[in-house]
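Residues take their numbers from the sequence shown, with the count starting at 1. Small disclaimer: the values here were computed from a predicted structure and weren't measured.
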Amino acid sequence: MTIAYPSTPPVAAAPSGAPRPRLTFLGTGYLGATYAICFAELGYEVLGFDVDEAKIAKLAGGDVPIHEPGLDELLRKNLSAGRLRFTTSWEEVAEFGDVHFICVGTPQRPDGMAADLSHVESAVTNLAPLLKRKALIAGKSTVPVGTAEWIEQLVRRHTPAELGVEVAWSPEFLQEGVAVEDVLRPNRIIFGVKSEWATGMLYAAHKGVFDLALTEDREVPVVVTDFATAELVKVAANAFLATKISFINAMAEVCEAAGADVTQLARSIGYDARIGNKFLRAGVGFGGGCLPKDIRAFQARAQELGVGEALRFLHEVDLINQRRRQKIVQLSAELLGRGYGPAGPDLAGTRITVLGATFKPNSDDVRDSPALSVVRKLSRSGADVTVYDPEGMDNARNDVDDVTYAKTLTDAVSGADLVCVLTEWEEFRNTDPNALNELVAARRVIDGRNCLDQSVWVAAGWEYRGMGKPTVA
C-alpha cells in the first residue's frame, strides 16, 4: 500500500501517553547520529546510544565525529534545547524509548561476501531483556532479507510475551553530503510491519516529517509493506545504482578502445526519460560504506535462497568497478612513460599527487574509497605518492599510513610528475591550472572523475587524460 502525505496520517499515541513517541537510535555512526540529531530537530525527544564511550562523549559535547554539512549546528542546537541526549547505558535506553531504531553497521564478513549481523544481534539481545513495557524495535540498518523475522525470534526469546514488543523495518536512504536533507525531506518512507499498532507507531515516529512536508506543501510517499519487501528495497536500490554506474564505466572502456567520448555518450542516452542522466558519470567507480558491501551481501543472500543465478550480473558490476581503479594505474604508467608488465608498472622514482581521499565530496568517509585504493596501487608500484583531501585526511591516514599527506593543494602538487584528481571536490573542480604550472615538475593530469574542464587544462599546457574520453592535443 502506497500513500502520499502531506495530510496528517493516522498517528498512534505513544505507550507513555505522550503526543509523540520518545525515540532511541542504537548506534551513533553516520546513520544513527544523523537520524538522532535530525529527529530532535523535528521536535522529538531523542536518545542516542553507542557502546563507544569516546564517540558518545564527543556527541554529548556538541562535536559530530563525522563530516556532514549542517549537522554540527543542529547537534548543538538540540542539545541546548534539551531534546537530544546520548548514553552508553542500555538500561537508560530501555527506560526511555517507545520506538527503538537499529542503526548499527552491517559490514562485509571477513570470511566471505555476506553481511556481518553481529552488531544487530548484539543490539537486540542487549535491549530486549531490559524492556519493561510494550515498545517497537524498528530496523534502519541495511540487512539481508529475512533479518526482521530473525529479530522477531530474538525478541520473543528475550522478552516476556505479555509485553507484546513488536518489530518493524524502515530502511534508510541517506546520501552522504546531503544526509540532513534526506532525513528531513525524504523522497519516500518504507514501513515493513505486521500490525496496525506497529504501523501507527511508525507514523507517530515520523509525524514531524509529515508536518514539515505539510508546511512546505510537499508530499511524502509512504509504502506500507511486509518485512521482506521493506528489507529488499534498500539493497535493490543500491544494486540498481551500482549497476548503472558500472554500465557507464563499461561504456567508458569501449569508448577508450574506439576513440569515442563517454561524456557525450552519457549525455545523449540520458535524455531518454526511461534511462535518465543521474549516475551516468564515468570515472574511477563507486565506493563508500554501502554500495560495494551491499551488492556482495545481496549476492550471498541470493545464493542462500537458491536464486544466486538471478544476481550473477552483480559480480560483473563489481569487477567493472574494480577495473576502473586499475585503469588509473595504467594511465599513470602511460603518461610517465613506464612500461606495464605482468606484475604492473615500475613507477619508482616518480612523484604522483592524488587529489582526493574520500569516496565522494562533502564527506570525510574513506570506506572502500576508490581514491585510496588507487593510492595503495600507485605506492605498491614504487611511486612516491602525496595525498590531499579537504576533509578526509585524518581518516585516510588511519587507512593508509605509508604515503605523504599534504596540508594544502599547492603543497600537494609541488614537484609532482603527475596529478590525479580522484574525488570531485569543488576545490579541485575550480582550480586554475595556470596557477599550478610553476609548482609541478611536469604538467600531466588524470581526471579520474571527469570533473575538470578538459579544454581549460589543455589550453594551460597540461597533458590531460580523462576516463573514456579521447585525447586532445
Inset, instruction - Please name all residues satisfying salt bridge (Lys or Arg N to Asp or Glu O under 4.0 Å) with E309, sequence neighbours left out, ordered by chain then number. - result: R312

Carboxylate-amine/guanidinium contact [X] [Y], below 4.0 Å:
X: E41; Y: K77; answer: yes
X: E162; Y: R133; answer: no
X: R376; Y: D399; answer: yes
X: R397; Y: D401; answer: no

Legend entry - Over-ring placement of K134 relative to W197, 6.0 Å and 45° cut-offs: yes

Inset, instruction - Check whether the ring centres of F25 and H100 lie less than 6.0 Å apart, and answer yes or no. - result: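 For F25 and H100, the ring centres are not under 6.0 Å apart.
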
[X] side-chain N/O to [Y] backbone N/O, donor-acceptor pair under 3.5 Å:
X: K140; Y: W169; answer: no
X: N78; Y: L74; answer: yes
X: T106; Y: T142; answer: yes

Legend entry - side-chain hydrogen bond (donor to acceptor under 3.5 Å, both in side chains): pairs with one or both residues in residues 48-60, sequence neighbours excluded: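 Applying side-chain hydrogen bond (donor to acceptor under 3.5 Å, both in side chains) to every pair that reaches into residues 48-60, excluding sequence neighbours, yields T28-D50.
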
Inset, instruction - State which residues pass ring-ring contact (aromatic ring centres under 6.0 Å, His included) with F359; sequence neighbours excluded, sorted by chain then number. - result: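 By the ring-ring contact (aromatic ring centres under 6.0 Å, His included) rule, F359 matches no residue at all.
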
Inset, instruction - Output all residues satisfying ring-ring contact (aromatic ring centres under 6.0 Å, His included) with F49, sequence neighbours left out; order by chain, then residue number. - result: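 Only W90 meet the ring-ring contact (aromatic ring centres under 6.0 Å, His included) criterion with F49.
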
Inset, instruction - Apply side-chain hydrogen bond (donor to acceptor under 3.5 Å, both in side chains) to Y388 and list each qualifying residue two or more places apart in sequence or on a separate chain. - result: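 E427.
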
Show me the donor-acceptor pairs, under 3.5 Å and distance only, between side chains in residues 273-280 and residues at least two apart or in other chains.
| unit_1 | atom_1 | unit_2 | atom_2 | d |
| --- | --- | --- | --- | --- |
| R274 | NE | D272 | OD1 | 3.0 |
| R274 | NE | D272 | OD2 | 3.3 |
| R274 | NH2 | D272 | OD2 | 2.7 |

Inset, instruction - Fit a plane to each ring of H67 and W425, take the angle between them on a 0 to 90° scale, and name the class: parallel (under 30°), tilted (30 to 60°) or perpendicular (over 60°). - result: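 Tilted.
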
